[in-house]
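Inspection log for the structure reproduced underneath, given as structure tokens.
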There are 2 protein chains.
Amino acid sequence: MERMPKKQRHQQLARLIEENPFLTDRELTRLLKVSIQTIRLDRLELAIPELRERLKLMAERSYDPVRSLPLHEVIGDILDLQLDKSGISMFEIRDEHVFSRSGIARGHHVFAQANSLAVAVINDEIALTASADIRFIRPARLGEKCIAKAYVRSSGVQKGKAKVEVFTYVGDEMVFQGNFVIYRSAGAADVEGAGEA
Amino acid sequence: MERMPKKQRHQQLARLIEENPFLTDRELTRLLKVSIQTIRLDRLELAIPELRERLKLMAERSYDPVRSLPLHEVIGDILDLQLDKSGISMFEIRDEHVFSRSGIARGHHVFAQANSLAVAVINDEIALTASADIRFIRPARLGEKCIAKAYVRSSGVQKGKAKVEVFTYVGDEMVFQGNFVIYRSAGAADVEGAGEA
DNA sequence: GTCGGATTGGCACCAGGTATCAGTATGAAC
DNA sequence: GTTCATACTGATACCTGGTGCCAATCCGAC
């Protein structure tokens, strides 16, 4: 019965739980061929919480009020929002957003940030993108933080169409620019902060 | 001791748990002023799972790879692809793509399908969206299958810029139309400062 | 040999339940 | 009044997936 060094087992344990946080200690016992006590000592040393705590943390993250508000479907984190005026959001380019070959962000992610923000900034029950004219000025790359700034150029409360301009920067370099036309459900412009996102 | 009608309590219970799924039966006892047994009978009748199951479900939802990597590689399934000529993809609008209030797809998902296809149809190592001019013609709704058709109007192998037109249909209704300009690596050694996808 | 860390076993205990049975309260039907 | 159904409460046994603690064992280094 050859035993794996403790360090290596710790690495494996951490990897297994990261891959599948739903594993119980008993299942880990089976996978790592050590007793359940050892698994628990290991979790203790590695400060990995028990299954239920892990699930609770995941549930809390996904239930995060900031995320679950109408803003929860917004791509990027809203940093500032002045309804019918302007808004700012931040979006970090991660592995899953880039072409693996080049490390360059896929355009639709950068677009999604801008589009989300353009819709979020409109203070209305229902706001839908009608059309957009967009330019990708330079590639955004893995790890870069994209700051999108949206300005409502014409709120069009009567006409039912708003014009929103969005500029996205990495540092002081502009990476994206877009002109959006947003349909808004004419009417409840400033009743409740009802902009959907 | 006036008692609340059972029906009303059921409504309250459902509302409380929806508002805060982290409530234990004991806490509900306090809020609804009935015994813990009654709470449990009520949950049974309303088919509301216990706290741990609720948290597990929430964790699973947020862990769902489809959800956690919503815009990963190509969006939609490629049905047909003739490089440098045309392509077709299908994308089904699911819960996670729509505004929860209206059931209407968020624009950037529809855009993502078209953008992915426009990039995929270009027969080159690296292809990045440079700019796009897009129109959302009618909303796409939950459950609808969007068929995007891309046509390469000018492959621009020498110039390093291709023009791709994409039309997206639900049934025979057009929901989206876009003109994309795609940078391609052949002939365009300088990808930097070019554009992205 | 002995020492010490690593590992294991065993037991008590906990939260947050399920499942089941028995007892009480209340109001309507006869 | 009695009877009956429904609603509610109490109590107990049991379950999972743990924590906390103590003691025993293994195993290599010295």
Side-chain angles (χ1 to χ4, degrees), chain A residues 1-69 72, chain B residues 1-69 95:
Chain A
M1 196 69 199
E2 95 273 28
R3 255 181 4 203
M4 190 188 305
K6 188 175 171 179
K7 216 166 179 176
Q8 191 180 337
R9 193 186 58 232
H10 278 193
Q11 286 185 358
Q12 282 216 22
L13 178 69
R15 189 179 50 79
L16 282 169
I17 290 184
E18 184 166 5
E19 273 176 18
N20 182 2
F22 297 86
L23 289 170
T24 64
D25 288 357
R26 194 166 308 280
E27 289 168 319
L28 290 165
T29 287
R30 209 171 32 76
L31 294 171
L32 294 178
K33 319 273 190 209
V34 289
S35 73
I36 202 161
Q37 290 83 350
T38 301
I39 296 288
R40 287 169 181 171
L41 281 174
D42 286 355
R43 275 201 301 98
L44 203 66
E45 289 185 57
L46 296 172
I48 295 173
E50 62 171 289
L51 169 65
R52 286 159 175 171
E53 286 305 311
R54 295 198 297 271
L55 298 189
K56 193 176 171 191
L57 281 171
M58 293 172 68
E60 274 168 357
R61 252 207 316 283
S62 80
Y63 192 69
D64 182 347
V66 179
R67 275 185 131 80
S68 68
L69 280 176
H72 102 287
Chain B
M1 196 70 195
E2 95 273 27
R3 254 177 11 198
M4 191 189 303
K6 187 175 173 179
K7 215 166 180 177
Q8 192 181 335
R9 192 187 58 233
H10 277 192
Q11 287 185 358
Q12 283 217 21
L13 178 69
R15 190 179 51 79
L16 282 168
I17 290 184
E18 185 166 3
E19 274 176 18
N20 181 3
F22 298 85
L23 289 170
T24 64
D25 287 358
R26 195 166 307 280
E27 289 168 319
L28 289 165
T29 286
R30 208 171 34 76
L31 293 171
L32 293 178
K33 319 274 189 208
V34 289
S35 74
I36 203 162
Q37 290 83 351
T38 303
I39 297 289
R40 287 169 180 170
L41 281 174
D42 286 355
R43 275 200 300 98
L44 203 67
E45 288 185 58
L46 295 172
I48 296 172
E50 62 171 290
L51 170 65
R52 286 157 175 175
E53 287 305 311
R54 296 198 297 272
L55 298 189
K56 193 175 171 189
L57 281 171
M58 293 172 66
E60 274 167 357
R61 253 208 317 283
S62 80
Y63 192 69
D64 181 349
V66 178
R67 221 184 169 85
S68 62
L69 300 180
D95 274 339

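Here is the naming used below: chain letters follow the sequence lines, and residue numbers restart at 1 for every chain.
Considering only side-chain atoms of B:Leu51, the nucleotide from D:dG17, C:dG16, D:dT9 that sits closest is C:dG16. The side chain of B:Arg52 sits closest to C:dA15 out of C:dA15, D:dC8, D:dG17. When each of C:dT7, D:dG18, C:dT18 is scored by its nearest atom to the side-chain atoms of B:Arg40, the top-ranked nucleotide is C:dT18.
With rounding to the nearest 0.5 Å, the separation of CZ in B:Arg9 from CG in B:Leu31 is 13.5 Å. Considering CD of A:Gln8 and CG of A:Leu32, their distance stands at 10.5 Å, rounded to 0.5 Å. Here the OG1-CZ distance, from A:Thr29 to A:Arg40, works out to 7.5 Å after rounding to the nearest 0.5 Å.
Dashed line: the shortest gap from a side-chain N or O of A:Thr38 to OP1 or OP2 of C:dT7 is not under 4.0 Å. For A:Arg26 and D:dG18, the shortest distance from a side-chain N or O to OP1 or OP2 is not below 4.0 Å.
Counting to the nearest Å, the P atom of C:dA15 and the CD atom of A:Glu53 are 13 Å from each other. Taking atom CZ of A:Arg43 as the reference point, atom P of D:dT19 lies 4 Å away to the nearest angstrom. Rounded to an integer number of Å, the gap from CD1 of A:Ile39 to P of C:dG9 is 12 Å. Summarising the geometry, the separation between CG on B:Leu44 and P on C:dG17 is reported as 13 Å, rounded to the nearest angstrom. Distance CG (B:Asp42) to P (C:dT18): 12 Å, rounded to an integer number of Å. Taking atom CD on B:Glu50 and atom P on C:dG16, their separation rounds to 11 Å, with Å as the unit. Protein atom CD of B:Gln37 is 11 Å distant from nucleotide atom C1' of D:dT12, rounded to whole Å. The separation between A:Lys7 atom NZ and C:dA6 atom C1' is 15 Å, rounded to whole Å.
Under a cut-off of 6.0 angstrom, the local environment of CD in A:Glu18 is sparse, with at most 12 non-hydrogen atoms contributed by other residues, nucleotides or ligands.
Taking for each of B:Leu41 and B:Arg54 the nucleotide of DNA chain C with the nearest heavy atom, the 5'-most of the two is the partner of B:Arg54.
A side chain to side chain contact (heavy atoms under 4.5 Å, CB included) with B:Ile36 holds for exactly one of B:Leu28, B:Leu41, B:Asp25; it is B:Asp25.
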